[in-house]
2 protein chains.
Amino acid sequence: MSVFCALSNEQVEEIDNSKGCNFYNKGQVVFHEGNRTNGIYCINKGKVKLFQIGSEGKEQIIRFAKPGDVIGYRALLSEEPLSASASAIEDDTTICFIPRDQIFSMIAQNPNFNFKFLKMLSHELGEAAKIITDLAQKPVRERLAETLLILKDTFDMDEEKNIQVKLSREELANIVGTATESVIRLLSEFKKDKLIAVEGRNIKLLNIPGLTRVANVFE
Amino acid sequence: MSVFCALSNEQVEEIDNSKGCNFYNKGQVVFHEGNRTNGIYCINKGKVKLFQIGSEGKEQIIRFAKPGDVIGYRALLSEEPLSASASAIEDDTTICFIPRDQIFSMIAQNPNFNFKFLKMLSHELGEAAKIITDLAQKPVRERLAETLLILKDTFDMDEEKNIQVKLSREELANIVGTATESVIRLLSEFKKDKLIAVEGRNIKLLNIPGLTRVANVFE
DNA sequence: GATAAAACATGACATTAATCAGCTAATTTT
DNA sequence: AAAATTAGCTGATTAATGTCATGTTTTATC
């Protein structure tokens, strides 16, 4: 349910005319933390990770974006520099750029679009608060289990329960906030406990209630 | 710079007429995580902490609010249950309630007010991302130093460099995401290193550049 | 003002998780 | 295809931090 579903057909056309689309291969940077942005980016195809670089130079993945999602709106609306970098995590990722004025004029003209933005931002803020509490209170094992479940919800599973996103062990560690070695060890544990199956970067969720129990999530 | 500075005099009056003010003593609950809200709360006097209860029943402080700040807007705008509880941390905290319809009609009518909200939400989101990276990557010592600096920025210092907020060791621990004992030990260390002076819940920042170095913040 | 309760403090100990080292497997480059 | 680089894996060790126990001080209550 993208923010753009609040637009009229004419407005969608207006955007289509002004926007510029770009292609990115895996690893290519969409934008850089600290820079200014003059519009927002809309993911058309592929997947993107948003991350900050911590004081020791380590990457912290803040969130992901998939087709229909927009990124860069936080910096645009707050008129601050970009708080995170974005890079493609799949080949052939296609991203459109919608310039600032377009966005601002549509927010001003279309109350629906405006409320969509308010809703999206405040929803994100709630998610961020949850993550903060988990990072502060849960041990690594629980956080990894929860991360797998969140990735499942974000990217879905195929018929064989494979999470539909491929991440390196290091990237998983950079979501969970732990060392790569810890992720490797815990994934083997989960595998031994028949909670998941692992084949390279493919992770199959064999026992979701079990994982939920490990993650200690009640909702 | 409160969101309300975007309002016209008539609009401020309109709010004044509809709003209800309440008094809270230290510890009294303003609203409860999980409940629905039908408006937003505006702090008039005093201080408030916003916190979530983690899976082990431990409190995680997400942020603070002081006079001029609003709370509860996240849940109102996202139309989700409140993601955090709020309680007064000072006696005689005075908080006004502004009903939902007021807020929504003002957002719709006053573009300035609307943009203030968008700006506030997106700014908060950036702050949350920073906190996530710190929690995931920085050791407790650095996080405590940073917390003291953030509290200073939020609540200011008096002429003698005392942070203008009184928190228990446990509450500090619930910001930093650590055990109370760790906070106690680290505060003594900071004291020994002449970075701070401590008298009960009064914390004096003697050496801010020093603390900044400990916190490992470059900005 | 005595008593109870809560907050603060400190030491000993256990546990978690990071770091380091070395090794293998898988990719990528030449 | 060989060489080089990167990713994944495992064990040993260390460092960081949480937990437990206990005592002291402060604050609240009767």
Side-chain angles (χ1 to χ4, degrees), chain A residues 25-28 49 54-61 87 89-91 134-147 165-192 196-203 214-216, chain B residues 25-28 49 54-61 87 89-91 134-147 165-192 196-203 214-216:
Chain A
N25 279 326
K26 192 168 161 178
Q28 287 192 304
K49 66 176 173 187
S55 46
E56 310 293 291
K58 198 182 166 191
E59 165 183 310
Q60 179 64 36
I61 297 180
S87 74
I89 56 169
E90 275 184 8
D91 282 336
D134 286 345
L135 277 171
Q137 301 195 357
K138 286 185 182 175
V140 173
R141 187 185 165 83
E142 302 186 13
R143 299 210 303 271
L144 178 58
E146 196 172 355
T147 294
V165 66
K166 304 246 177 300
L167 299 170
S168 67
R169 306 293 189 260
E170 191 180 0
E171 283 172 318
L172 284 171
N174 294 344
I175 307 169
V176 173
T178 188
T180 308
E181 294 94 325
S182 298
V183 167
I184 291 170
R185 281 184 249 266
L186 287 168
L187 283 180
S188 329
E189 272 186 46
F190 291 170
K191 199 169 141 187
K192 210 178 56 195
I196 62 172
V198 184
E199 268 176 10
R201 295 190 179 180
N202 227 22
I203 297 176
V214 172
N216 211 349
Chain B
N25 278 327
K26 192 169 163 177
Q28 287 191 305
K49 66 176 173 187
S55 46
E56 309 291 291
K58 199 182 165 191
E59 165 183 309
Q60 179 64 36
I61 297 180
S87 73
I89 57 169
E90 274 183 7
D91 283 335
D134 286 345
L135 278 171
Q137 299 194 358
K138 286 186 181 174
V140 174
R141 188 185 164 82
E142 300 186 15
R143 298 210 302 272
L144 178 59
E146 196 173 356
T147 294
V165 66
K166 304 245 177 301
L167 298 170
S168 67
R169 307 292 189 263
E170 190 180 359
E171 285 172 317
L172 285 171
N174 294 344
I175 307 169
V176 172
T178 187
T180 308
E181 293 94 323
S182 298
V183 167
I184 292 171
R185 280 185 249 265
L186 287 168
L187 285 180
S188 324
E189 272 186 46
F190 291 170
K191 199 170 140 185
K192 211 178 57 195
I196 63 172
V198 184
E199 267 175 11
R201 295 190 180 180
N202 227 23
I203 297 175
V214 173
N216 211 349

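Chain identifiers are assigned alphabetically (A, B, ...) following the order of the sequence lines, protein sequences preceding nucleic acid strands; residue numbering begins at 1 within each chain. What you see is a predicted model; the values in this text were computed from it and never measured.
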K.L.:
From A:E90 CD over to A:K166 NZ, what is the distance, rounded to the nearest 0.5 angstrom?
P.N.:
8.5 Å
K.L.:
Given side chains that start at C-beta, do those of A:V214 and A:L144 come closer than 4.5 Å, heavy atoms only?
P.N.:
no
K.L.:
In whole Å, I'd like the distance from the CG atom of B:N174 to the C1' atom of C:dA7.
P.N.:
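Checked: the CG to C1' distance equals 14 Å.
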K.L.:
Listed by chain and number, what are the salt bridge (Lys or Arg N to Asp or Glu O under 4.0 Å) partners of A:R141, not counting sequence neighbours?
P.N.:
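Per chain and number, A:R141 pairs via salt bridge (Lys or Arg N to Asp or Glu O under 4.0 Å) with A:E189, A:D193.
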K.L.:
Under 4.5 Å between any side-chain heavy atoms of B:N174 and B:K49, yes or no?
P.N.:
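A side-chain contact is absent here, since even the closest heavy-atom pair is not under 4.5 Å.
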K.L.:
How many Å lie between NZ on B:K192 and P on C:dA9, as a whole number?
P.N.:
15 Å
K.L.:
Whether the side chain of A:N25 engages the backbone of A:D91 through a donor-acceptor N/O pair (distance < 3.5 Å, no angle test) should be reported.
P.N.:
no
K.L.:
At their closest point, which heavy atom of A:G177 faces which heavy atom of A:Q60, and how far apart are they?
P.N.:
CA-OE1, 4.2 Å
K.L.:
Taking CG from B:L186 and P from C:dC8, how many angstroms apart are they, rounded to a whole number?
P.N.:
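It is 15 Å, rounded to the nearest whole Å.
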K.L.:
How does protein contact run along nucleotides 5-18 of chain D, one letter per nucleotide 5' to 3', with B for base contact, S for sugar-phosphate only, - for none, heavy atoms under 4.0 Å?
P.N.:
--SSBBBB----SS
K.L.:
Does A:I203 reach the side chain of A:L172, with side-chain heavy atoms less than 4.5 Å apart?
P.N.:
yes
K.L.:
Between the protein and nucleotides 27-29 of chain C, which nitrogen or oxygen pairs come in under 3.5 angstrom?
P.N.:
none

K.L.:
Looking at every heavy atom in both A:K138 and A:A215, which two are closest together, and how far apart are they?
P.N.:
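A:K138 and A:A215 have their closest heavy atoms at NZ-O, 3.0 Å.
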K.L.:
Got a second to check how far B:I175's CD1 is from B:R143's CZ, nearest 0.5 Å?
P.N.:
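One finds 12.0 Å between CD1 of B:I175 and CZ of B:R143.
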K.L.:
Taking five pairs at each end of the helix from C:dG1-D:dC30 to C:dT30-D:dA1, what angle separates the two helix axes (nearest 10°)?
P.N.:
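Answer rounded to 10°: the end axes differ by 50°.
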K.L.:
Taking all non-hydrogen atoms of both residues into account, name the closest pair between A:E171 and A:L167 and its distance.
P.N.:
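For A:E171 and A:L167, the tightest heavy-atom pair comes out as OE1-CA, 3.5 Å.
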K.L.:
I'd like a list of close polar pairs between nucleotides 22-24 of chain C and the protein, N/O only, cut-off under 3.5 Å.
P.N.:
none

K.L.:
Could you tell me whether the side chain of A:E142 and the main chain of A:P139 form a donor-acceptor pair under 3.5 Å?
P.N.:
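Side chain of A:E142 to backbone of A:P139, a donor-acceptor pair under 3.5 Å: no, none is there.
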K.L.:
Send over the distance from B:E171 CD to C:dA6 P, rounded to a whole Å.
P.N.:
15 Å
K.L.:
Taking side-chain hydrogen bond (donor to acceptor under 3.5 Å, both in side chains) as the definition, give me every residue that meets it alongside B:E181, ordered by chain and number, with sequence neighbours left out.
P.N.:
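Checked B:E181 against side-chain hydrogen bond (donor to acceptor under 3.5 Å, both in side chains); zero matches.
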K.L.:
Give a yes or no on whether the backbone of A:K58 and the side-chain of B:Q137 come within a donor-acceptor separation of less than 3.5 Å.
P.N.:
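Yes, B:Q137 side chain to A:K58 backbone: donor-acceptor pair under 3.5 Å.
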